[in-house]
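Presented below is the structure to which this report refers.
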Amino acid sequence: MDKHLFNYKGIKLHMFIVGILTVLQGITIVFQALNLATAITNMFNGTASSAVLPYFAGFAAAFLLRHFIQWLKERIAFHYGEKTSVEFQNILIQKIFDLGPRGIGRSGSGNIITLALEGIPKFRTYLELFIPRSIAMFVIPIVVLIYVYSADTLSGIILTFTMPIMISFLILLGVVAQKYAKTQWSSYQLLARHFVDSLRGLLTLKYLGRSKSHQHAIASVSDKYRIATNRSLRIAFLSSFSLDFFSSLSIAVVAVELGIRLIDGAIGLQAALTVLILAPEYFQPIRDLGTDYHATMDGKDAGEQIHRIL
């Protein structure tokens, strides 16, 4: 997490609003699963279609409400990220004018240009994605777990013990991904600085007869950036696959124990179906955070560099 995150203007109110909406979203997820499981159970028991329709209607209403809340969260997060990033862009530009040529020379003109033009949008993406995903990772599993414990204690225990394993694995992947993301961002800054300096010195190189030979230097820097980007992509794909694999494995464990107990008559069909429907929802927030983590790493690094200059 960014150490400056709680110092941004309006961040606490923004996180409070997103948190309330996430709690409501978690409740709609539970109602969605409960209505669907009830409808399926009643149809399995031979209940008339007219008696099952209200449960399907409840499922549809909860489904629509859930995705409306998700859309509302994304809009709020987008507006906050846009507002904060524009504010920091204006402050950064003013600081650049205050530093003058000598201060810019210490940081590198290419670095400053890259940060102002490319770093700010990445910083906005970081604010837009990281805050809602982080809150959802803590809130939604708790809401789901509370209901699962009330419906079936054994399934709740299994879900409780599998989540720390997922979080530990996410942290481990995050440490590795952060290393490669910093390498990729550093290579991108090197490429940007080299490109800007090449444009500024192109006339001089032309007069000296070195303009054509300079293309080899540009190709070398571009190749380093390509290698660093491919390494970051490999780590991103590997971590996404690993999170999907372990979450699927955890859901399979829950499904197997529910199936065995359902055969033995230790649990009812409706309760088992509800828990089974909720199990993927329990792990979905951490999978979303793991997927978007790589998309926000450059924004976090850009934010740290902006604070360093300010």
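Only a predicted model underlies this, so the values are computations on that prediction, with no experimental measurement involved.
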Between [atom1] of [X] and [atom2] of [Y], what distance do you get to the nearest 0.5 Å?
X	Y	atom1	atom2	result
Arg124	Lys83	CZ	NZ	16.0 Å
Gln25	Ile69	CD	CD1	6.0 Å
Leu269	Leu258	CG	CG	10.5 Å
Met137	Phe130	CE	CZ	8.0 Å
Thr28	Gln70	OG1	CD	10.0 Å
Thr84	Leu127	OG1	CG	5.5 Å

Would [X] end up clustered with [Y] when hydrophobic side chains under 4.5 Å apart are linked, directly or stepwise?
X	Y	value
Ile251	Leu262	yes
Ile267	Val256	no
Phe161	Phe245	yes
Phe68	Phe63	no
Leu64	Ile277	no

Do the non-hydrogen side-chain atoms of [X] and [Y] ever get within less than 4.5 Å of each other?
X	Y	answer
Met163	Pro141	yes
Val52	Ile40	no
Glu87	Ile91	yes
Arg75	His79	yes
Ser155	Glu257	yes
Leu34	Tyr147	yes
Phe56	Met43	yes
Gln284	Ile140	no

Side chain to side chain contact (heavy atoms under 4.5 Å, CB included) between Ile157 and Tyr149, worked out: CA-CA 8 Å; Ile157 293 173; Tyr149 266 106; 3.9 Å; yes
Pairs flagged by ring pair (Phe, Tyr, Trp, His ring centres under 6.0 Å) wherever residues 258-278 is involved - sequence neighbours left out: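 Every pair satisfying ring pair (Phe, Tyr, Trp, His ring centres under 6.0 Å) with a residue in residues 258-278: there are none.
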Qualifying ring pair (Phe, Tyr, Trp, His ring centres under 6.0 Å) pairs with a residue from residues 247-290, counting only residues at least two apart or across chains: none
Which atom pair, heavy atoms only, marks the closest approach of [X] to [Y]?
X	Y	value
Ala151	Val275	CB-CG2, 4.5 Å
Leu276	Ala255	CD1-CB, 3.6 Å
Thr41	Ala37	OG1-O, 2.7 Å
Lys73	Ala136	NZ-CB, 4.3 Å

Tyr55 OH: over 12 foreign heavy atoms closer than 6.0 Å: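 No, OH of Tyr55 has 12 or fewer neighbouring heavy atoms, counting only those of other groups under 6.0 Å.
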Exceeds 12 heavy-atom contacts within 6.0 angstrom, atom CZ of Phe31: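 No, the 6.0 Å shell around CZ holds no more than 12 heavy atoms from other groups.
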For the pair [X] (side chain) and [Y] (backbone), establish whether a donor and an acceptor sit closer than 3.5 Å, ignoring hydrogens and angles.
X	Y	result
Ser85	Glu82	yes
Thr162	Leu159	yes
Asp152	Val148	no

Side chain to side chain contact (heavy atoms under 4.5 Å, CB included) evaluation trace for Met15 with Ile11: CA-CA 6 Å; Met15 293 181 72; Ile11 185 65; 3.8 Å; yes
Ion pair Arg66/Glu281, N-O distance below 4.0 Å: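 Salt bridge between Arg66 and Glu281, a charged N being under 4.0 Å from a carboxylate O: yes.
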Matching residue for Ile142 among Ile146, Val144, Leu145 - test: side-chain contact (heavy atoms from CB on, under 4.5 Å):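 Answer to the side-chain contact (heavy atoms from CB on, under 4.5 Å) test with Ile142 among Ile146, Val144, Leu145: Ile146.
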Modelled atom types, side-chain donor and acceptor of Asn90 and Gln94, under 3.5 Å: no
Whether Tyr80 and His14 hold their rings parallel, tilted or perpendicular, with breakpoints at 30° and 60°: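 Judged by the thresholds at 30° and 60°, the geometry between Tyr80 and His14 is parallel.
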Verdict with supporting geometry, Leu21 and Ile76, side chain to side chain contact (heavy atoms under 4.5 Å, CB included): CA-CA 11 Å; Leu21 290 175; Ile76 293 173; 3.7 Å; yes
CA sep, side-chain torsions, deciding dist, call: Val143, Ile29, side chain to side chain contact (heavy atoms under 4.5 Å, CB included): CA-CA 9 Å; Val143 174; Ile29 289 173; over 6 Å; no
